Amino acid sequence: SQTIHQWPATLVQPVGSPLSLECTVEGTSNPNLYWYRQAAGRGLQLLFYSVGIGQISSEVPQNLSASRPQDRQFILSSKKLLLSDSGFYLCAWSRDRFYQPQHFGDGTRLSIL
Amino acid sequence: RKEVEQDPGPFNVPEGATVAFNCTYSNSASQSFFWYRQDCRKEPKLLMSVYSSGNEDGRFTAQLNRASQYISLLIRDSKLSDSATYLCVVNNGNKLVFGAGTILRVKS
């Protein structure tokens, strides 16, 4: 069966510091991968998605970036965090972008001080 | 108009009650539909897919009305453990779009 791992579970960072969140998927090959952010009491906002190694699509302009160095690894980064980057970050995978459901990791709760 | 709209609730119901949520979507060409459940401070989890003919999974029934562009989720015999936020998810042609969710609180 497929599993998705995301870490760390919680993170407290100062404003202006860098960020790196990692997500890996096991049990499937060539998954579609996604990064979402959920602000407190709000819906999911799609940040990035990837259909293959090195292929990244950005949904919203921001100071975050994503990379996919390996088939089942997806990384979310920032060079300098802003207060507005606080939130619940979720990685997800699916077999295709349009018709199959997405399956989420446990999420990372990021607080910026 | 939002791509996917849900009544945010909260719906406060007693144990054993039947409760229904609706969700409307704007893209008439949408082909796939899902309901997710999200517990407080946790990740969303797939509850069920929604098929054109409607489908049932135990106490949960999902319906699709293409003409009116809405999907529904019916929960029968509510349990305390059903308390969560229920997310409606629709594909808009090039991605899945998540609704903001409907809060359900089941009380004893």
Side-chain angles (χ1 to χ4, degrees), chain A residues 1-11 21 23 25 31-51 55-60 66 74 76 86-111, chain B residues 1-10 21 23-52 55 57 60 62 64 71 73 84-105:
Chain A
S1 65
Q2 301 82 20
T3 56
I4 179 169
H5 303 281
Q6 192 181 338
W7 66 93
T10 58
L11 192 58
L21 302 181
C23 170
V25 180
N32 288 269
L33 297 172
Y34 312 84
W35 279 111
Y36 288 88
R37 177 170 59 206
Q38 188 174 36
R42 306 290 294 276
L44 292 170
Q45 179 187 35
L46 180 62
L47 302 175
F48 301 94
Y49 68 88
S50 172
V51 299
Q55 300 179 63
I56 308 295
S57 296
S58 174
E59 284 292 303
V60 292
F74 204 23
L76 183 69
S86 292
F88 189 37
Y89 287 82
L90 291 153
C91 181
W93 77 273
S94 68
R95 296 191 193 282
D96 69 45
R97 274 177 56 204
F98 310 123
Y99 303 110
Q100 298 296 316
Q102 295 174 13
H103 305 279
F104 290 84
D106 292 342
T108 295
R109 200 157 297 278
L110 175 63
S111 299
Chain B
R1 183 182 176 185
K2 287 184 181 177
E3 292 180 279
V4 177
E5 289 199 76
Q6 296 183 250
D7 181 343
F21 311 134
C23 164
T24 58
Y25 60 94
S26 61
N27 188 339
S28 59
S30 295
Q31 293 294 325
S32 55
F33 310 88
F34 309 97
W35 283 102
Y36 279 70
R37 169 199 171 121
Q38 186 174 23
D39 292 295
C40 188
R41 299 177 70 81
K42 296 285 192 179
E43 77 278 17
K45 292 184 178 177
L46 178 66
L47 180 64
M48 58 197 304
S49 302
V50 186
Y51 302 118
S52 296
N55 47 299
D57 183 2
F60 299 84
L64 168 63
I71 64 173
L73 177 68
T85 298
Y86 290 83
L87 308 177
C88 167
V89 183
V90 178
N91 92 312
N92 77 344
N94 68 353
K95 65 181 180 184
L96 293 188
V97 179
F98 286 75
T102 297
I103 298 170
L104 172 65
R105 296 180 184 144

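Residue numbers start from 1 in every chain, and the chains themselves are labelled A, B, ... in the order their sequence lines are given, proteins ahead of strands. Being a predicted model, the structure only gives us computed values, none of them experimental.
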task = Please flag which part of Phe88(A) lies under 4.5 Å from any non-hydrogen atom of chain B: side chain, backbone, both or neither.
result =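 For Phe88(A), the side chain is the part near chain B, not the backbone.
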Which portion of Gln6(A) sits near chain B, non-hydrogen atoms under 4.5 angstrom =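 Neither part.
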message = Can you tell me which portion of Gln38(B) sits under 4.5 Å from chain A's heavy atoms? Options are side chain, backbone, both or neither.
response =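 Contact with chain A is through the side chain of Gln38(B) alone.
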request  = Please look at Leu46(B) and chain A and tell me whether the side chain, the backbone, both or neither of the residue comes under 4.5 angstrom of a heavy atom of that chain.
outcome  =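 For Leu46(B), side-chain heavy atoms alone lie under 4.5 Å from chain A.
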inquiry  = Please report whether the ring centroid of Tyr34(A) lies less than 6.0 Å from that of Phe98(B).
reply    =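 Ring centroids of Phe98(B) and Tyr34(A) are no less than 6.0 Å from each other.
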For chain B, the option from His103(A), Gln100(A), Arg42(A) that forms the most heavy-atom pairs under 4.5 Å =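 Answer, by heavy-atom pair count under 4.5 Å with chain B: Gln100(A).
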query = Out of Gly43(A), Gly105(A), Ala40(A), which one racks up the most heavy-atom pairs below 4.5 Å with chain B?
reply =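 Maximum pair count with chain B is reached by Gly105(A).
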Would you check if [X] and [Y] make a side-chain contact, meaning some heavy-atom pair closer than 4.5 Å?
X: Leu90(A); Y: Pro44(B); answer: yes
X: Phe98(A); Y: Gln31(B); answer: no
X: Gln102(A); Y: Tyr36(B); answer: yes

Pairs flagged by salt bridge (Lys or Arg N to Asp or Glu O under 4.0 Å) wherever residues 88-101 of chain B is involved - sequence neighbours left out =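 For residues 88-101 of chain B, and leaving out neighbouring residues, the salt bridge (Lys or Arg N to Asp or Glu O under 4.0 Å) pairs sorted by first residue read Glu59(A)-Lys95(B).
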ask   = Who pairs with Asp39(B) by salt bridge (charged side-chain N to carboxylate O under 4.0 Å, His left out), at least two apart in sequence or on another chain?
value =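 For Asp39(B), the residues satisfying salt bridge (charged side-chain N to carboxylate O under 4.0 Å, His left out) (neighbours in sequence not counted) are Arg37(B).
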query = OH/Tyr49(A) to CG/Leu96(B) distance, rounded to the nearest 0.5 angstrom?
reply =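 Going from the OH atom of Tyr49(A) to the CG atom of Leu96(B) covers 11.5 Å.
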